[in-house]
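Letters A, B, ... are given to chains in the order of the sequence lines, protein chains preceding strands, and every chain is numbered from 1.
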Amino acid sequence: MHDEAVAHEFQYASASHQADTAVAGMWLFLATEVVFFGALFLSWIFARHFNQAGFDAGAERSELEIGTINTVILITGSLVYSLGVVLIEKGKTRAFIMCAAAAWLLGLAFMILKFAIEWRHDLDRHMFPGADFGITGDLAGGAKLFWSFYFFGTFVHGVHLAVGLGLVAWVILRVWQGAFSAAYLAPVLVVGLYWTFVDIVWLILYPLIYLIGRAT
Amino acid sequence: MKFWLAQASTSAPESDYLMLALVLASIAILILVFGLMLIYAFKYRATNRMDRGQIMKKTWRLEIAWTIATMAVFFGLFVWGADLYVRLFRPPAGALQIYVVGKQWMWKIQHEGGQREINSLHVPVGRKIQLLLTSEDVIHDFAVPAFRIKHDVLPGRYESLWFEATMPGTYHLFCNQLCGTGHSRMVGEVVVMSGADYENWLAANGAAGTLAEQGKILFMRNGCSGCHGSNGAGGNQSNSTVPAPPLAGLYGSPVTLVDGQVVIADDGYIHDCILTPEKRRVASYPPIMPSFSGILSEDDVLKLVAYIKSLAPEKQL
Amino acid sequence: MSVAEIEAPATAESYLEDGYTLRSWLLTTDHKRIAILYMLTITIFFFIGGIAISFVRYNLLEPQGMIRSAETYNRLFSMHGVVMVWFFLVPAVPVTLGNFLLPLMIGARDLAFPRINLLSWYLFVIAGCVLLVALYAGGVDTGWTFYTPLSSLYSKGHVALAAVAVIITGFSSIATGLNFIVSIHRLRAPGMTWYKMPVFLWSLYSTSVIMVLATPVLAMTLLLLTFERIFHVGMFDPTIGGDPLLFQHLFWFYSHPAVYIMILPGMGVVSEIIPAFSSKQLFGYKFVAWCSVAIAVISFLVWGHHMFVTGQSVYSALVFSILSFAVAVPSAIKIFNWLGTMHKGYIRFDSPMLYALGFIGLFTMGGLTGLYVATLAADVHLHDTYFVVAHFHYVMVGGMVSAYFAGLHFWWPKITGRMYPEMWGRAAALIIFVGFNLTFFPQYIVGYLGMPRRYHTYPPEFQVWNVLSSAGAAVLAVGYLLPLLYLTWSLLKGKQASTNPWHATGLEWQTPSPPPTENFETTPTVTEPPYNYLPAEALDRHA
């Protein structure tokens, strides 16, 4: 902590009291997110259990390569942001900005691969479960369910990632302006927690979409 | 003003005894709570300056006492209610089966003899009746207050509900699950008749063959017999181009599925095999049974199920 | 509980005087001002929901229905349900009284995250606007429960809009719950241990746990529903292998605990008022406090009791039935403890106490009839009849709205610095109690006789009960309008309130009425146990 008293809101005893509380609040928020996505994953697994053949027929058409590259991209993004946090704790503000910017670019790369390329491929192949759905026959029903979950799940995850991109950009800006530094790290930590959480969601989506169907 | 509801089924008096027990328990508790509240409110009003004496400091004995008393009463009620419920939802053997299809906003009822009716259900008194319920669209709920029974009617599955009427008469039939605009018009009547009247009614409303006979026609017309054999004898090289499981004697027997699970072939299973065959495929046959979803209506499926049920197992030599 | 040292900050200006511009209200982060904003908003929704149900009761005067169109009727009761549940009952006590009092009661200057608190109000307002758009466009006709596949594939109403409104208000609710939990953990004044907290805080804490852990499931469920509704393909569609019952499981996983979101804060309010007006310690403090937690925990495990007749397995029905009985035990314990508090007290009958006694009476009746529908075989007969309607109105309206009014009258002097007219308060409490019973008691009977819920038309033999109920509703409407009038009047003409008009304990009564923006001049230090009422003092006051 710096010598000069750092500003804090009047309900807190000190700046560190406020910072610790902010981190605690983010953990609790992430708990709500776990329940939020938990309901999705539960529905997904439940539906697959009763329509396994159809789900697997649907999953075979997913783009394993893009999915795998995207997984690597996201994990790397988390890693470099976390590295940045270690660096800014040691006062290396510029290094943090480099790391956070790299994480931001990786996040953007994920979005482009996922939505501009993969979704486009999927739509071109009539994988959207609408009237001209590309899978016909007995297994069409289950495959439709799979692709419904696919588009829904990746969309909701994408929205979370978009929020994450906004937050990381904001952190970079404020660090650049000198508002956040080793003396006042709470927002940097809080955004980092969220950023990593979004990756963890993807680490569950990835096997659900690309792997389980191919394994059987 | 009507306070009491006709008891027209064997379970109705039982349900009412349970209800009465609940009412008596509630009245006792209400008298206790309201009584204490009023007595304390009067006796300990602030303007009454009588000596209150010692105020209780240790409370946990009382707390444990009323916690245990509450739990004991609750547990008794639970057991009573559960016992009747379990019997209500265990279909009896040898019941007369009647098929009910709900759709926005009417009840379509088919008897085993092929008789059809809409928004009314004729049943004989003193016989166990099992209803097989399904829906063509949204969730409905088949409720007969005079029998104290109800059950949801779900699209894509068969639910079962049974009763034994004890009193001839006409009773309300309601849809109790909000099913859209015409929900309150999805009502009808249950007509309970003496056995003889019921036979007369069946005869007067005789249809083109029994449900199973109608099912047989559909069985031929939709090509089921092409693979499963003309009497559901099963397909093999001698009588059919493809191997298909025999259907005679299927009903009520255990079936091993591709994933190793063993299920009993009930109405719901046969229904699913026709409409969504890929979901629970039988083992040791190639997966070639097509889905008839969208081709056959729920009414048709009912007839096919009735036909398959009517097929006796092959005679053992 | 008293405070070691608080000088009366006579010079500090109250939170109401801290800026008079619209901006100073709309951009405030003061929990007390946000509470006022919320209070105004939920009052509007209370009356919107009330108007909708007035038409419903009017329609039911005649068996063939006074309103021509069944579709209109369905939209009216659906709107009543959606508005009253998510835009009045769920927020009611937590966001108004809870928001105002939580920091005061723990001796803090504000909640942990004041801007998130303001954000939650804005989310609520946005959600309300979306809902009003849905209403204006024609409303929904699925009931507040949005059962699939009616809602997803068959309804002609604006299901997606209404669902989005509920999702947004859900996030508002999550924000509030999160703020409360973190504040209670992190901002308690020195000496304010868990067992020194008023029971109201225990109940708010339990409520917040439910808000935070159950609401996200509702949000996801309704998002799935919205997806299916918009693209006409989806997870609950039985024709492609989806399961409409999955929706019900997920929906009730939120919505049953939500029932406790609606009643726990009310129990907390009553636990403050009964000791205050009996001038006596709360009987069995630790039991009452932990009962709130127990209710919150068990409430997550009882959702299946809404589905006893859907064809779920008999085993799960048995488990859900016994757990539903289990969740009623802590409520019963609370009622006995409130009665124990009155025993040998010095009871005064000011309006808050009358409302609180009304709460105990109506909640007991609601709770007892809850046993009927938890009893498996009885539920088979009563499910989806007017019996159920009466049951949950006794709990949620008889219980929660009475408790809300009790708390509103109790803390009105603290919130506004004015006293309300006592005689009017008592009159309204009585009218509400009588009107309520007249409205809903006949529904128990007509429900037992078999009248289904949500019926636009009904067999003529049920008419007597429906007319009685509608007549009661008219009385009840008067009862609800009265407080609106005299409380508004008191803002202008009411007597100035003193710091502690009820001679109550608790930190909020040690700071001026209305409190200054920073709540306390110096952070209080708590040394005494809660509800430290001294009967001797009470005697002196009345000597």
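- Closest approach of Pro149(C) to Asp137(B), counting heavy atoms only: CG-O, 3.6 Å.
- Using a 30° and 60° split on the angle between ring planes, Tyr448(C) and Trp4(B) fall in the tilted class, from 30° to 60°.
- Looking only at heavy-atom pairs under 4.5 Å with chain C, the residue among Ser15(B), Ala41(B), Ser291(B) that has the most is Ala41(B).
- Legend: residues meeting side chain to side chain donor-acceptor pair (under 3.5 Å) with His305(C), ordered by chain and number and at least two apart, are His256(C), Ser324(C).
- In this structure, the side chains of Glu63(B) and Asn337(C) come closer than 4.5 Å at one or more pairs of heavy atoms.
- Between chain C and the residues Lys43(B), Gln104(B), Met71(B), the most heavy-atom pairs under 4.5 angstrom are made by Gln104(B).
- The aromatic rings of Phe325(C) and Phe78(B) stand perpendicular to each other, their planes meeting at an angle above 60°, with 30° marking the opposite boundary.
- The candidate with the highest count of non-hydrogen atom pairs below 4.5 Å against chain C, out of Phe74(B), Trp60(B), Phe147(B), Phe34(B), is Phe74(B).
- Under the 30°/60° scheme for interplanar angles, the aromatic rings of His343(C) and Tyr44(B) are found to stand perpendicular.
- Of the residues considered (Phe283(C), Tyr147(C), Trp338(C)), Phe283(C) shows the highest number of contacts with chain B, using heavy-atom pairs under 4.5 Å.
- To the nearest 0.5 Å, atom CD of residue Gln64(C) and atom OG of residue Ser184(B) are 11.5 Å apart.
- Using a 4.5 Å cut-off between heavy atoms, Phe387(C) contacts chain B through its side chain alone, with no backbone atom that close.
- Taking both residues in full, the closest heavy atoms of Leu368(C) and Ser26(B) are given as CD1-O, 3.7 Å, listed atom of the first, atom of the second, then distance.
- If you run side-chain contact (heavy atoms from CB on, under 4.5 Å) between Val309(C) and each of Asn176(B), Ile149(B), Asp141(B), Leu88(B), only Asp141(B) comes through.
- At a 4.5 Å heavy-atom cutoff, Val144(B) makes no contact with chain C through either its backbone or its side chain.
- Applying the side chain to side chain donor-acceptor pair (under 3.5 Å) test to residues at least two apart or on different chains, the pairs with a partner in residues 238-248 of chain C are Arg157(B)-Asp243(C), Asp237(C)-Thr239(C).
- Side-chain contact between Phe336(C) and Leu36(B): absent, with no pair of heavy atoms (C-beta onward) separated by less than 4.5 Å.
- Both the backbone and the side chain of Phe308(C) come within contact range of chain B, with heavy atoms under 4.5 Å apart.
- Looking at Leu178(B), both its backbone and its side chain come within 4.5 Å of chain C, counting heavy atoms on both sides.
- Neither the backbone nor the side chain of Phe236(C) has a heavy atom closer than 4.5 Å to any heavy atom of chain B.
- Interface remark: Lys280(C) contributes side-chain atoms only to the contact with chain B (heavy atom separation under 4.5 Å).
- The CG atom of Asp384(C) sits 9.0 Å away from the SG atom of Cys175(B) when rounded to the nearest 0.5 Å.
- Between Phe174(B) and Thr385(C), every side-chain heavy-atom pair lies at or beyond the 4.5 Å cut-off.
- Contacts with chain B were tallied for Leu382(C), Thr369(C), Leu245(C), Leu150(C); Leu150(C) has the most, counting heavy-atom pairs under 4.5 Å.
- Comparing Gly156(B), Ser160(B), Gly182(B), Pro155(B) by heavy-atom pairs within less than 4.5 Å of chain C, the highest count is held by Pro155(B).
- When Arg453(C), Arg454(C), His456(C) are each tested for a side-chain contact (heavy atoms from CB on, under 4.5 Å) with His183(B), only one passes: Arg454(C).
- Side-chain contact check for Tyr458(C) versus Val187(B): every heavy-atom pair is 4.5 Å or farther apart.
- In this structure, no portion of Ile39(B) lies under 4.5 Å from any heavy atom of chain C.
- Cation-pi geometry between Arg45(B) and Phe349(C) is not met at under 6.0 angstrom from the ring centre and within 45 degrees of the axis.
- Residue contact with chain B, scored on non-hydrogen atoms closer than 4.5 Å, is absent for Ser155(C).
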If you apply the rule side-chain hydrogen bond (donor to acceptor under 3.5 Å, both in side chains), what do you find for Tyr40(B) with Ser278(C), and how did you get there? CA-CA 10 Å; Tyr40(B) 290 169; Ser278(C) 304; over 6 Å; no

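- Only the side chain of Ala332(C) comes within contact range of chain B, judged by heavy atoms closer than 4.5 Å.
- Between Lys344(C) atom NZ and Arg52(B) atom CZ the span is 10.0 Å, to the nearest 0.5 Å.
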